[in-house]
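Chain identifiers are assigned alphabetically (A, B, ...) following the order of the sequence lines, protein sequences preceding nucleic acid strands; residue numbering begins at 1 within each chain.
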Amino acid sequence: MATLDKKERLKIQRHAMPEQDPMVRIANFEEVNFGFTPNLAIEEAQRCLLCPKPLCVAGCPVNIDIPSFINLIAEGKFTEAAKKIKETNSLPAICGRVCPQEEQCEGVCVIGKKGTPVAIGHLERFVADWERTHGEISVPGKRPATGKKVAVVGSGPAGLTVASELVQMGHAVTVFEALHVPGGVLAYGIPEFRLPKDILGSEVDYLKRLGVDIVTDFVVGKTSTLDELLESGYDAAFVGSGAGLPVFLNIPGENLNGVYSANEYLTRTNLMKSYLFPEYDTPIAKARGVVVFGGGNTAMDAVRTAKRFGTEHAYLIYRRSWEEMPARLEERHHAKAEGIEFVFLTAPTRFIGDESGWVKAVECIKMELGDPDASGRRRPVPIKGSEYMIDAELAVIAVGNGSNPLIPLTTPAIQTNKWGNIIVKDKSTSTTKSGVFAGGDIVRGGATVILAMGDGKRAAREIDVYLKSK
Amino acid sequence: MNKIVKKRMLSPVIAEIELSAPYIARSQKPGQFVIVRVDDRGERIPLTIAHADAEKGTITLIVQSIGKTTTRFNLMEAGESVADLVGPLGKPSHIQYFGRVVTIGGGVGTAIAWPTTRAFKEAGNEVISIIGARTKELLILEQEMREISDRVIVTTDDGSYANKGFVTDSLKGLIENDTIPNLVLAIGPVPMMRAISELTRTYAIPTVVSLNPIMLDGTGMCGVCRVSVGGKTMFACVDGPEFDAHQVDFNGLTQRLRSYQKEEKLSLELLKSWER
């Protein structure tokens, strides 16, 4: 294949991700995006200028060698491209789907300055899927066993990453998961239509093949405390227990039937497969009108889930506007195409119930944007007297999560800040307890999958140094 | 792990199931519960631990067939395993010397009151147990409660055994005879716990109830088990399951327990048609 020059590369337009038609996909839970075909992938890969000093690599929280893997795709060497990614990232099929590339690698892509950036995320997803579906998954060689044991608390993105890194360094790793399926938020939070669970399953299987031991149904802090685990022979521990505490609105009527936290709504759907009820035992309520409060990815996941349950009016109610929404642009566009009704500059004030205790409407108040707050976004201020009703028999609260208090509560030496996040020292991942490291949402509050994975990678390096010094 | 090592029926609809669960057996305390998922398509339900044997590495659950999952569970036999068993969850019962403690078990609630009753006795309390059931057939653990109580009062609603009447009548009888408890622990159906709570409120007797709302993860993540206690929203899975009875909003609890009545009925009907 002839190598293209810069001009020729710049001429190629970015390829759109083929996806299910919105009117079809709102009636199923299957993945929205189909993924690139090999031809699309090769053409898209040819757009990369292979910058000698690539900004994309620095823009990636786990510093994937992006130009190298893209060049391998351009040459049609898909399996080699997958291997290249796996040198730095053990979960590419997940990252290719859920990372906010527009803020990271693609956000700094040079050709994105004048046109549209290379579709790095779609390409990452393509090679990961290629490797998985072509039965060519390779397991990299491991360093000799060090005889050291590490306990990892939580099997979300941070925990899975730290585990895969440490096991490749020759340490023995056991991951403890409280739920019955590994994956943390990837399993209970992110819907099937964004991240099919068999893909999560095969990424987890890959870690098992690397030698990671995963124990489900084990609540560290309850089944055993972290201190007990350390005494039983683990040389170090990593806490990636996540932001698993739902935040409610504290408004009247919140305990009515049909009012869900996003965690509950998504866990029922994704982890318990309530969309397959009664084939699966866990039920979920369905309604003609559904209101979801919040502007992040979780809110978007919840409202799009509601649509798929046959909801006629699925409202996304956000107190700011389109511009300030923290949700990824792709998700917002997908939601719009699916007929989600966005209600901006609006906040709920109370839920109204019927005689049997079910929610039937929500009273909202209109907001206007005032001066910027600490986050730099303009603060929404209620407009007096602007209250009005929206009919809804189901409501989902997706305004954020607190940090899971279980580990700090049962491990006295681990200190937390006023929000309950575990304190780490000097931008490292080490906690106030020697030999215990932490990362992901339990440290950051609600953040992203890839930042949690970045923490996992850093923690693995720091744990390795710690174990060697012992 | 998760294997049923022993099972016996205490009544036609109540099974005593002993499961291998070494970690849980070692760390559990009276009042704590486990989450069980019977099979790969199962729901997660909370069940309070009735008994544990740390040396043997087993826990015992006493389960009444009510919905699909409990019915399925009670059909399982020794040698079979449940898909998932996780715990111990929730806060343990608050055990100390109070003086005279009356523990009340209604129906299968007696199984939950059992370990806490023993702990009260071991803490030096004078323990009076009141156990009741709708009918003789549903009365459980009478002998076990006798072994750990100074006195046991038995009631059946229909009078088919022992005293005819409700557990509330027996408690009222005690109070009127000047046998005033320093603490009441009441565990059973919500209407029973509410009735006890209303009775003890008039005498200002501190009362604890163990709540059994719908749960999902059981670790504080989803909030489905929220219940209003003293006007504050609490999660029964992590803040409970035991609460000050006089502060509990029983109406709200009852209402939330009915969230999936229709679906629960459908599941059970499907299970029964499948059995046939």
J.: Got a second to check how far I45(B)'s CD1 is from M215(B)'s CE, nearest 0.5 Å?
T.: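 Here the interatomic distance stands at 11.0 Å.
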J.: If you look at every heavy atom in A395(A) and F293(A), which pair is closest and at what distance?
T.: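 For A395(A) and F293(A), the tightest heavy-atom pair comes out as CB-CE1, 4.3 Å.
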J.: Tell me, for L406(A) versus chain B, whether the close heavy atoms (under 4.5 Å) come from the side chain, the backbone, both or neither.
T.: neither
J.: Looking at residues at least two apart in the chain, or sitting in another chain, which of them share a ring-ring contact (aromatic ring centres under 6.0 Å, His included) with H51(B)?
T.: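 W114(B).
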J.: Between chain B and chain A, going by a 3.5 Å limit, which atoms form donor-acceptor pairs, if any?
T.:
residue: S27(B); atom: OG; partner: T223(A); partner atom: O; Å: 3.0
residue: R41(B); atom: O; partner: D281(A); partner atom: N; Å: 2.9
residue: R41(B); atom: NH1; partner: E279(A); partner atom: OE2; Å: 3.3
residue: R44(B); atom: NH1; partner: H180(A); partner atom: ND1; Å: 2.8
residue: K68(B); atom: NZ; partner: D281(A); partner atom: OD1; Å: 2.7
residue: G87(B); atom: O; partner: T223(A); partner atom: OG1; Å: 2.8
residue: G90(B); atom: O; partner: K222(A); partner atom: NZ; Å: 3.0
residue: M221(B); atom: O; partner: N263(A); partner atom: ND2; Å: 2.7
residue: C222(B); atom: O; partner: S261(A); partner atom: OG; Å: 2.6
residue: R226(B); atom: NE; partner: N255(A); partner atom: OD1; Å: 2.9
residue: R226(B); atom: NH2; partner: E254(A); partner atom: O; Å: 2.7
residue: R226(B); atom: NH2; partner: V259(A); partner atom: O; Å: 2.9
residue: Q255(B); atom: O; partner: N257(A); partner atom: ND2; Å: 2.8
residue: Q255(B); atom: NE2; partner: G357(A); partner atom: O; Å: 3.2
residue: R256(B); atom: NH1; partner: N255(A); partner atom: O; Å: 3.0
residue: R256(B); atom: NH1; partner: L256(A); partner atom: O; Å: 3.4
residue: S259(B); atom: OG; partner: N257(A); partner atom: OD1; Å: 3.3
residue: Y260(B); atom: OH; partner: Y260(A); partner atom: OH; Å: 2.5
residue: Y260(B); atom: OH; partner: R268(A); partner atom: NE; Å: 3.4

J.: The criterion is salt bridge (Lys or Arg N to Asp or Glu O under 4.0 Å); which residues satisfy it with E55(B), sequence neighbours excluded?
T.: none
J.: Can you name the residues that form a side-chain contact (heavy atoms from CB on, under 4.5 Å) with E122(B), not counting sequence neighbours?
T.: R118(B)
J.: Answer with side chain, backbone, both or neither: which region of I214(B) has an atom nearer than 4.5 Å to a non-hydrogen atom of chain A?
T.: side chain
J.: Output, in order, the C-alpha distance, side-chain angles, deciding distance and verdict of side chain to side chain contact (heavy atoms under 4.5 Å, CB included) for L249(A) and V399(A).
T.: CA-CA 8 Å; L249(A) 298 163; V399(A) 295; 4.0 Å; yes
J.: Less than 4.5 Å to any heavy atom of chain A: does that hold for the side chain of L85(B), its backbone, both, or neither?
T.: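 For L85(B), the backbone is the part near chain A, not the side chain.
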J.: With a 4.5 angstrom heavy-atom cut-off, which part of A83(B) approaches chain A: side chain, backbone, both or neither?
T.: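 Looking at A83(B), just its backbone touches chain A.
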J.: When you measure from the side chain of E198(B) to the backbone N and O of A195(B), does any donor-acceptor pair fall under 3.5 Å?
T.: no
J.: Quick one: what part of L256(A) sits under 4.5 Å from any heavy atom of chain B, side chain, backbone, both or neither?
T.: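 L256(A) touches chain B through backbone and side-chain heavy atoms alike.
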J.: Hey, which of L19(B), I59(B), L89(B), V86(B) is the one that makes side chain to side chain contact (heavy atoms under 4.5 Å, CB included) with V34(B)?
T.: I59(B)
